[in-house]
Number of protein chains: 2
Amino acid sequence: MPATIRDVASLAGVSVATVSRLVNRSGKVRDDTAARVQAAIEALGFRPSAVGRNLSTSQTRSLGVVIPSLTNPVFADAVAGINEEARARDYTLMFTATNYDRAEEQGIVDAFLAYRVDGLILTVADPDNSPVLDLLEREGVPYVLIYNQPNARGRPTVTVDNVAAGREAAEALVKLGHRRLGMVAGRFSASDRALARRDGFLTGARAAGCPDPLVLEVDFVDLNAEEALRPLYGRRGEAPSALFCSNDLLAMAVVGALGRLGLNVPDDVSVMGFDGLAIGTQLHPTLATIVQPSREMGRAATAQLLDRLSGEVPLRTVTLPHSLRLGESAGPAAKPSPTELRDSPAFENEET
Amino acid sequence: MPATIRDVASLAGVSVATVSRLVNRSGKVRDDTAARVQAAIEALGFRPSAVGRNLSTSQTRSLGVVIPSLTNPVFADAVAGINEEARARDYTLMFTATNYDRAEEQGIVDAFLAYRVDGLILTVADPDNSPVLDLLEREGVPYVLIYNQPNARGRPTVTVDNVAAGREAAEALVKLGHRRLGMVAGRFSASDRALARRDGFLTGARAAGCPDPLVLEVDFVDLNAEEALRPLYGRRGEAPSALFCSNDLLAMAVVGALGRLGLNVPDDVSVMGFDGLAIGTQLHPTLATIVQPSREMGRAATAQLLDRLSGEVPLRTVTLPHSLRLGESAGPAAKPSPTELRDSPAFENEET
DNA sequence: TTCATGAATGTAAACGGTTACATTTGTGAA
DNA sequence: TTCACAAATGTAACCGTTTACATTCATGAA
């Protein structure tokens, strides 16, 4: 239905080659011819078909983006960065979320490959054991991982040093006087980075001579933070005075849950997140967190991929700097143990 | 580089038509031939090119998605719904965010049209005056709006009744005893729905005999809620005891800012948001809000569009039900006027 | 055995661009 | 004017599918 290059050519009384040359500035065409062709293009509302072009050039100027979920703004931020960079270089994005489902991962990548995307940017469940990535290698389709951990196979990744960051989180909390640390994390099976953050956190705690932090693995997708924390803060004794959470969304939920349990953040319990979501700076208390440059990671991954596509630059793993944002949700350890809060009304129903 | 249908055909000793028939189940092929072809397909790792197919069938089984921003989870939720529905029906998504920029809007849609997407789902700045939508009409490319307001031109839209919802927000606050209402909103020029919510809110307030609510228009993208609210709550007198915010992200920021200004939510000021973001239920206090079914809106828009693409079902405007979630951030109006808080330490620097 | 018939398969022309190569046109020098 | 050469334009093959139509094959009836 839409006008084709042949329609334009015949209306302008030239050959398709001339039209193509004008449209793509890929050759010289005399001014008067150009004007005639231009007029024809406008008269017909000609819009060159990317499909035809893709077929003949065997590249699509499109990228596939595969992330676990859009519900976590941290991925949305990265996609925003990818989008910016891609747009700036005139690439189009094919997009999908896998909901942390490996089968979906596979299906999606198959679809993207059928569409002949020029490259992919993805976050997978486990880069060291990923059929999807193996497939991409076999097919020779370039890709860059984001958020995933630097991995055994040397797969190109844009990330932050999650282990170091986890360690720094522990150090920061220790510095505030905390000794009984804890961590709340989503399922490690779905997130190699949460695992790395935990490792770093444990290392940091041990190095500081703290008792091994308690690690609470919770269902992130369908979360009831209050239920998860109640056993911890319901009983007298050794509950952590500071909690490190594997991401900001979780941290926000933990702050909320502690509040509902009658505990004050940070006076009774300190909470530190991971991601650096913008909203964290707006909350009260503001959220202490490890900031990773999500948007920038998206940008960097895309830039690298596009460079690779237009030169033969090899893809590499890049570690971007993270930083500690010491928000109000992390404060000095209380002198009196938080366990004395045991009698607060929030716990009157504890035995039910 | 990848194997083509001809490669498969010649390896299997059949014609391309036979391969095509097998791959698409579009005709009969004898069992033994099928087996031979199947073997060839696997041997070569043949993956039919969507590009070739698109060209010959002149449809792409892809949809374009254009939203203002991914940074606001409400859009991310809708995209999640779109993604689910599209995947289920084997469509692929091309995606981009416009950052509320009309020029971007135009550029994006041009690109999507070049790729010959079969249809579009979008949220635009102003549906009544949108060159982009005019273009789509001219080109005869089907589209469905989401979040946008039902509009003069009868453009198909999936949305909620923002006016009614705004009115209900006012009524709910009045019912809690509030009379001095206020609203905090993002730029109305970028959001027809914020405008509708305001209209409903004002109507509701008037109907209840309240003085006209104060409406504060703030820069949502680059927000400093504390600065925006300080003049209101810094001075003695008629500050609203309840604030309705045009979206949840804003509401969360407002709750935080009020806290930093030394005011308690909801004891001193009630806050109600709009969207029903999941995280709102985790916060402390939980966020009172008008819930719109974002994911479902995405699903519904996509379902409608795909139905239209495979039948000749006309596109229509659908209004999905919203609901009031009365979270803890909205509470009964305090008996003593909040203005007595004037002397709290939070305001000691007021004159600086 | 011969035929009619339907099933299975093959042929070749689209689809809408790009581009190597061929051809025509225009220019300035001899 | 003629010629050499560059500039401008044209021709047609090709990219990887689908599909209308043609052809071949197998089968059972006459």
Side-chain angles (χ1 to χ4, degrees), chain A residues 1-38 40-41 44-62 90 92 111-118 139, chain B residues 1-38 40-41 44-62 92 110-118 139:
Chain A
M1 201 64 206
T4 76
I5 197 174
R6 278 174 245 270
D7 298 333
V8 173
S10 79
L11 178 59
V14 301
S15 74
V16 294
T18 300
V19 179
S20 178
R21 276 187 283 257
L22 179 70
V23 169
N24 302 307
R25 295 160 178 35
S26 60
K28 3 201 76 177
V29 3
R30 238 175 35 216
D31 285 356
D32 54 339
T33 343
R36 245 169 44 240
V37 173
Q38 192 58 46
I41 287 178
L44 295 173
F46 171 63
R47 184 187 312 278
S49 159
V51 180
R53 177 174 300 165
N54 294 345
L55 187 55
S56 94
T57 59
S58 53
Q59 50 144 320
T60 56
R61 282 191 97 74
S62 69
D90 209 34
T92 301
F112 285 174
L113 252 23
Y115 277 94
R116 302 293 194 259
V117 295
D118 292 341
E139 302 273 338
Chain B
M1 200 64 207
T4 75
I5 198 174
R6 274 176 250 271
D7 299 332
V8 174
S10 78
L11 178 59
V14 300
S15 75
V16 294
T18 299
V19 179
S20 176
R21 275 187 284 256
L22 179 70
V23 169
N24 303 306
R25 296 160 179 33
S26 60
K28 2 201 78 176
V29 4
R30 239 173 37 213
D31 285 355
D32 55 339
T33 341
R36 250 173 35 243
V37 174
Q38 193 57 48
I41 288 178
L44 295 173
F46 171 63
R47 185 186 310 280
S49 159
V51 181
R53 177 173 301 165
N54 294 346
L55 186 56
S56 108
T57 60
S58 52
Q59 51 143 321
T60 56
R61 281 192 96 75
S62 69
T92 301
D110 277 336
F112 285 173
L113 252 22
Y115 277 95
R116 301 294 193 260
V117 295
D118 292 342
E139 302 273 339

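Hydrogens, waters and symmetry mates are skipped; everything else that's a heavy atom, side chains included, is used.
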Whole angstrom value for the distance that separates [atom2] of [N] from [atom1] of [X]:
X        : N      : atom1 : atom2 : value
B:Leu113 : C:dG16 : CG    : C1'   : 16 Å
A:Asp32  : D:dA7  : CG    : C1'   : 13 Å
B:Lys28  : D:dC25 : NZ    : C1'   : 15 Å
B:Ile5   : D:dC14 : CD1   : C1'   : 16 Å
B:Asp31  : D:dA26 : CG    : P     : 15 Å
B:Arg30  : C:dT9  : CZ    : C1'   : 9 Å
A:Phe46  : C:dG16 : CZ    : P     : 10 Å

**Report entry** For DNA chain C, the residues among residues 13-23 of chain B that have a non-hydrogen atom under 4.0 Å from it
**Finding:**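 Nucleic-acid contacts, sorted: B:Gly13, B:Val14, B:Ser15, B:Val16, B:Ala17, B:Thr18, B:Arg21.
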
Less than 4.5 Å apart, side chain to side chain, heavy atoms only: is that true for [X] and [Y]?
X       : Y        : result
B:Ser49 : A:Tyr115 : no
A:Val19 : A:Val23  : yes
A:Phe46 : A:Asp7   : no
B:Arg53 : B:Pro48  : yes

Query raised in the report: Is B:Asp32 atom CG crowded by more than 12 heavy atoms from other residues, nucleotides or ligands, each under 6.0 Å away?
Result: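 Check passes, neighbour count above 12.
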
**Report entry** DNA chain D contacts made by residues 47-59 of chain A, counting heavy atoms under 4.0 Å
**Finding:**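 Nucleic-acid contacts, sorted: A:Leu55, A:Ser56.
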
Requested in this report: Quick one: label A:Thr33 by what it contacts on the DNA or RNA (base, sugar-phosphate, nothing), any heavy atom closer than 4.0 Å.
Outcome: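 A:Thr33: backbone/sugar contact only, no base atoms under 4.0 Å.
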
Report task. Please determine, by modelled atom types, if A:Asn54 and A:Ser58 share a side-chain donor-acceptor pair under 3.5 angstrom. Result ->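 Side chains of A:Asn54 and A:Ser58: no pair found under 3.5 Å.
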
Query raised in the report: Between A:Arg36 and A:Ala12, is there a donor-acceptor pair closer than 3.5 Å when you use the side chain of the first and the backbone of the second?
Result: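 Present.
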
Query raised in the report: If you round to the nearest 0.5 Å, how far is OG1 of B:Thr18 from CZ of B:Arg30?
Result: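 Answer rounded to 0.5 Å: 10.5 Å.
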
Query - Inter-residue atom distance A:Gln59.CD - A:Arg61.CZ, 0.5 Å rounding - result: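 Reported to 0.5 Å precision, the distance equals 6.5 Å.
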
Query raised in the report: Quick one: does B:Arg6 reach the base of D:dT17 with a side-chain donor-acceptor pair under 3.5 Å?
Result: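 Counting by modelled atom types and ignoring angles, a donor-acceptor contact under 3.5 Å is found here.
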
